[in-house]
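To start, the structure under review is shown below, and the notes come after it.
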Amino acid sequence: MTSTIDPKTIGKPQRARRHVRTLTGYLPEVDATGKEHWPRGEEAVWKSALRDVDADSPAIIKSIVNHVQTSLARQAYNLDDLGAYQAAALSVRDNLLVNWNETQLSYTRKNPKRAYYLSLEFLMGRTLDNALLNLGLKEQYRDSVKKLGFSVEDILDKERDAALGNGGLGRLAACYLDSGASTELPLWGYGLRYKYGIFQQLISPEGNQLEAPDPWLENSNPWELPRLDVNYEIRFYGHADRLGDGKGIWQGGQEVLAVAYDVMIPGYGTKTTNNLRLWESKPKRGFDLNSFNAGNYEAAVASSNSADAITSVLYPNDHTSCMYRIGKELRLKQQYFWTAASLADILRRFKQQGKPIRELPDFVAIQLNDTHPTLAIPELMRILLDEEDLNWEQAWSIVTNVFFYTNHTVLPEALEKWAVPLIEHVLPRHLQIIYDINLFFLQAVERKYPGDRERLARMSLIEEGQPKQVRMANLAVIGSRKVNGVAELHSDLVRTTILKDFVDFEGVSKFSNVTNGITPRRWLDQCNAELSDLITKTLKLEKEVWLKDLFKIKGLLEFTEDAAFRKEWWAIKQRNKERLAHYVQTTLGLTVRTDAMFDVQIKRLHEYKRQTLNILGVIHRYLTLKALSPAERKKTNPRVVFFAGKAAPAYYIAKLTIRLIVNVARIVNADPDTKDYLQVYFLPDYSVSLAEVLIPASDISQHISTAGTEASGTSNMKFCLNGGLLLGTVDGANIEIAEEVGESNVFFFGHLTPAVEDLRYQHLYHPVPLQEKCPALHRVIEQISAGLFNDAEVYEPLLNTIRQNDYYLLSDDFDSYIAALAMVDEAYQDRDEWIKKSIRTTAQMGKFSSDRAILEYAESFWNVEPVTVKKK
Ligand code: 26W
């Protein structure tokens, strides 16, 4: 990299320096008549050589074998499934690149307003199957690899998940990229290219979660395009001096290189192939030659190590922003590194149009995926003030018309706050700007609410205390044009609780809702091909028609009374259950009975999601079964309960819950009295790919968070789209699912949100002994304490969270939960009616397509329109 640095500029304040000779930066020269000039060489020669997408088997075989020879340097006799996967993936990638180039060129030509989705997480999962489906080439590739001696299913299985996310927020970002491309919106994603994704989860014999690194890049990644030509220098530390009128200068410190890697995002049934640009950190100068020559070898490599470390690993915390000091600084550097590189890249692309900077909001909309990218607000202010030389008002007006902020949780511990001394150390100029933003903001608040000190203190960007902290949510709100929650109830709670002061101050119109969605390509057509084919056959519609307009599956309703259709519908569910049983058999060596109801709860382990309530319900069922006579047991509904999910490594109580589930499973599954009526499984290492096996197999899925805590949930949508019924609380998107599919097809229980605060108050100031309040739960808890599931004392901390504060209201919801479970049993007895409920549920899930959600963002937030990429 050294060659790119012109020593003359060392130490002089620099905008994130750009070194760009980008393909996408090309602007075709047009003459007076508007006719484009071919840039170089003979146009005909180029045009005849340019390839198109290979859509027929012979061409596909040629391309795969070409990569076996030239990319893998292998032959037919030493090619295994992994090699076949890599060769097939490279050939599909070539097709994606053809469309990707055409798409970027169309955007450059048409210069539309673009949207950028800034997310610190993109939980993409596997790509090959999705790319084949979106290109409409799955069958061609199935035939081609078959002719080469491979099964497409086996090679698909060789791909590692790109697991660059923790859970809901990261997967939502991935679904939105698929929908952005499928609705032909000029939408790019910006994130980080972590060397290690979310940790691999292993479960020890005692039931402890162990974490192992996820070296997802070890077999190289065919789905990314290293863009060594696109890189920016990002500064940290150093010192900042004020120059007056809000301007300043930032110098010294450490500079790190941000290098781009592009991931192609193909749309479904369209040529549009958008881009996900992931940044990787590299030392600016390889390593510090001077210290090396001075014999100070540690120092020589230290700066490069610290540079590399920035994008080394994804933080595995989901909902808890509390971390150790060291971890905090690196997380802050990740957030600034990614937002600064992304903004520099966005501004470079905008500037190529030669338009004045004040028009930026007319051509660029930036969505902040939670508060993690909030530093983009002071960073854009810094660029506009210090480098574009705008005055404060001009700069602030541009900033507050470019950004849009989505909140994904109201849990207080998840709202990010950064210590002022830390920001001062790492980003001295940004702290100055944050203080200036706060000053002007509080002056405006004071003008509207003179003397209202509490309100000023609540709304301030700075939280007093030792140390002072910057409230990132407050900054995201005042720096954004629009703010939204991710489900109706959640957006209401955001307006009436955490951001109430800002609603009062700025007016409610700024605060709206966009209910989450899921892509029906991956979460129906890809993971449940049989059901997808049945829907296509039954609706007598091209698959492409209903998969791009999910409301069309409402047509299934009229087949509810069709017994033959119901038979096919149920047979597919049964085969999906056998596929899951096969997965458990091959990975855990355990035999799952498939003539039972499959009950599934899969999501991150968190007290508010109440996996603990589920396992306590399972123990209640077990004790009930034990108390029955063998004859009575025979009348009960065999049930198989599946759990899966990772706990943040430092989240002790969540890990205890996993241990309890694993040990209950061991005892219950081995109990001769009950093993034919109740089985429990904790499937390790939950991932997008495992969800694709679990979700089509569920009869019932559980979304049982304490009311008012789950912002939306998205797995609830995936289960219902695959004909699974929902057992849940009146929370998040469960409510809108029930509105769409009909309350009679959903099993609700538990207290409602408005009651939660009072109940918590009761617990604190008027506690009722558990054996009195909920004898059924008391019995279960005392059985655990008595050691029914071994090492009793281990679970006391978990049980005490219920005996004492019970902050998540398990003791208040237990009885209605058990009653709801009994309702489910009873409903399952009438299989025909159950299948009708399943059909009615799937048929009315149209609203929950992420296409609907992304078009809402485009129309009511970003003012961005679809761009048709012309066929060559
Ligand atoms: C600072 C640590 C941290 C990391 C991630 C705090 C908070 C988060 C995310 C916001 C947590 C998250 O994934 N939230 C989930 O977002 C989904 C997509 O909107 C919702 O469906 C889930 O209800 C919400 O819990």
Side-chain angles (χ1 to χ4, degrees), residues 116-125 161-180 187 189-192 194 197-199 276 278 313-321 323 331 334-335 338-339 342 366-376 404-416 472-473 476 480 483-487 490-491 493-494 498 513-519 522-523 602-606 608-609 645-648 651 686-688 691 703 705 709-718 731-733 848 850 853-854 857:
Y116 298 101
Y117 201 84
L118 264 56
S119 181
L120 202 45
E121 303 183 15
F122 287 96
L123 199 40
M124 306 296 280
D161 275 36
L164 308 183
N166 279 283
L169 171 137
R171 181 57 230 178
L172 183 80
C175 283
Y176 279 168
L177 290 183
D178 179 82
S179 285
L187 173 67
Y190 275 111
L192 285 180
Y194 303 106
I198 190 72
F199 61 84
L276 167 57
L278 300 177
V313 65
L314 165 76
Y315 274 79
N317 306 313
D318 180 79
H319 280 92
T320 42
S321 57
M323 277 170 274
R331 169 85 170 184
Q334 282 188 342
Q335 293 187 353
W338 148 63
T339 50
S342 304
I366 300 177
Q367 191 69 38
L368 305 176
N369 200 20
D370 213 86
T371 58
H372 311 154
T374 303
L375 286 169
F404 300 83
Y405 159 53
T406 300
N407 173 282
H408 295 268
T409 180
V410 295
L411 295 186
E413 69 268 26
L415 301 177
E416 289 189 298
M472 300 312 272
S480 294
V483 174
N484 74 288
V486 291
H490 169 64
S491 296
L493 288 173
V494 165
I498 55 170
N513 174 63
V514 179
T515 296
N516 284 163
I518 58 170
T519 169
R522 182 179 293 268
W523 296 110
I602 50 176
K603 49 191 74 213
R604 286 293 296 248
L605 263 287
H606 203 290
Y608 87 81
K609 294 173 184 284
K646 293 173 180 176
Y651 196 171
Y686 180 51
S687 65
V688 169
H703 311 275
S705 51
T709 60
E710 188 70 87
S712 163
T714 43
S715 68
N716 43 11
M717 300 166 185
K718 295 160 189 170
D731 197 16
F848 303 101
S850 45
I854 208 73
Y857 279 102

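Sequential numbering from 1 along the given sequence is applied to the chain's residues. What's counted below: heavy atoms across the whole structure, side chains too, no hydrogens, waters or symmetry copies.
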Next on the checklist: I want to check something: taking the side chain as every heavy atom from C-beta on, are Phe199 and Lys646 in contact at a cut-off of under 4.5 Å?
Outcome noted: yes
Checklist entry - Nearest 0.5 Å, what's the OH-CG distance between Tyr194 and Leu314? => result 5.0 Å
Checklist entry - Got a second to check how far Arg171's CZ is from Leu123's CG, nearest 0.5 Å? => result 6.5 Å
Next on the checklist: Side chains of Ile854 and Leu177, heavy atoms from C-beta outward: is any pair under 4.5 Å?
Outcome noted: no
Item to check | Sole residue of Leu164, Asn166, Asp318 in side-chain contact (heavy atoms from CB on, under 4.5 Å) with Ile198 | outcome: Asn166
Item to check | Sub-4.5 Å side-chain heavy-atom contact between Asn369 and Leu169 | outcome: yes
Next on the checklist: So, using ring-ring contact (aromatic ring centres under 6.0 Å, His included) as the criterion, who are the partners of Phe848 when residues are at least two apart?
Outcome noted: none
Item to check | Shortest non-hydrogen contact from Leu187 toward Gly180 | outcome: CD2-CA, 3.9 Å
Item to check | Euclidean distance, Leu118 CG relative to Leu375 CG, rounded to 0.5 Å | outcome: 11.0 Å
Item to check | Taking every non-hydrogen atom, the tightest pair across Val486 and Asn513 | outcome: C-OD1, 3.7 Å
Checklist outcome for this item: What one should report as the nearest heavy-atom pair of Ala174 and Met124 is CB-SD, 3.6 Å
Item to check | Nearest-0.5 Å distance, CH2 of residue Trp338 to CG of residue Leu192 | outcome: 7.0 Å
Checklist entry - Do Leu276 and Phe122 come close enough that some side-chain heavy atom pair is under 4.5 Å? => result yes
Checklist entry - Judged by atom type as modelled, is there a donor-acceptor pair below 3.5 Å linking the side chain of Asp370 to the main-chain atoms of His372? => result no
Item to check | Audit row: Gln367, Asn484, side chain to side chain contact (heavy atoms under 4.5 Å, CB included) steps and yes/no | outcome: CA-CA 11 Å; Gln367 191 69 38; Asn484 74 288; 3.8 Å; yes
Checklist entry - Tyr857 and Tyr176: aromatic ring centres closer than 6.0 Å? => result yes
Next on the checklist: Between Thr709 and Ser705 (side chain of the first, backbone of the second, donor and acceptor by atom type, cut-off under 3.5 Å), is there such a pair?
Outcome noted: no
Item to check | Nearest atoms (heavy-atom pairs only) where Cys175 meets Ile518 | outcome: SG-CA, 4.0 Å
Checklist entry - Hey, what do you get for OG (Ser712) to CG (Leu172), rounding to the nearest 0.5 Å? => result 8.0 Å
Checklist entry - Is there a donor-acceptor contact under 3.5 Å from the side chain of Ser850 to the main chain of Gly517? => result no
Checklist entry - Step by step, would you call Tyr651 with Asn317 a side chain to side chain contact (heavy atoms under 4.5 Å, CB included)? => result CA-CA 9 Å; Tyr651 196 171; Asn317 306 313; over 6 Å; no
Checklist entry - Hey, is the main chain of Val313 close enough, under 3.5 Å, to the side chain of Gln334 for a donor-acceptor pair? => result yes
Next on the checklist: If you apply the rule side chain to side chain donor-acceptor pair (under 3.5 Å), what do you find for Asp731 with His490, and how did you get there?
Outcome noted: CA-CA 8 Å; Asp731 197 16; His490 169 64; over 6 Å; no
Item to check | Atom pair OH/OG of Tyr190 and Ser342 - distance to nearest 0.5 Å | outcome: 6.0 Å
Next on the checklist: Minimum heavy-atom separation for Ile602 and Ser715, please, with both atom names.
Outcome noted: O-OG, 4.0 Å
Next on the checklist: Taking the side chain as everything from C-beta on, heavy atoms only, tell me whether Leu411 gets closer than 4.5 Å to His606.
Outcome noted: yes
Next on the checklist: Using the ring-ring contact (aromatic ring centres under 6.0 Å, His included) criterion, which residues pair with Tyr686? Sequence neighbours excluded.
Outcome noted: none
Checklist outcome for this item: Of all heavy-atom pairs linking Ala711 and Ala487, the shortest is O-CB, 3.3 Å
Checklist entry - Quick one: are Tyr315 and Leu120 in side-chain contact, heavy atoms under 4.5 Å? => result no
Checklist entry - Listed by chain and number, what are the ring-ring contact (aromatic ring centres under 6.0 Å, His included) partners of His703, not counting sequence neighbours? => result Phe719
Item to check | Evaluation steps, side chain to side chain contact (heavy atoms under 4.5 Å, CB included), between Val688 and Trp523 | outcome: CA-CA 10 Å; Val688 169; Trp523 296 110; 4.0 Å; yes
Checklist entry - Can you check side chain to side chain donor-acceptor pair (under 3.5 Å) on Thr714 and Asn516, steps first, answer last? => result CA-CA 7 Å; Thr714 43; Asn516 284 163; 5.7 Å; no
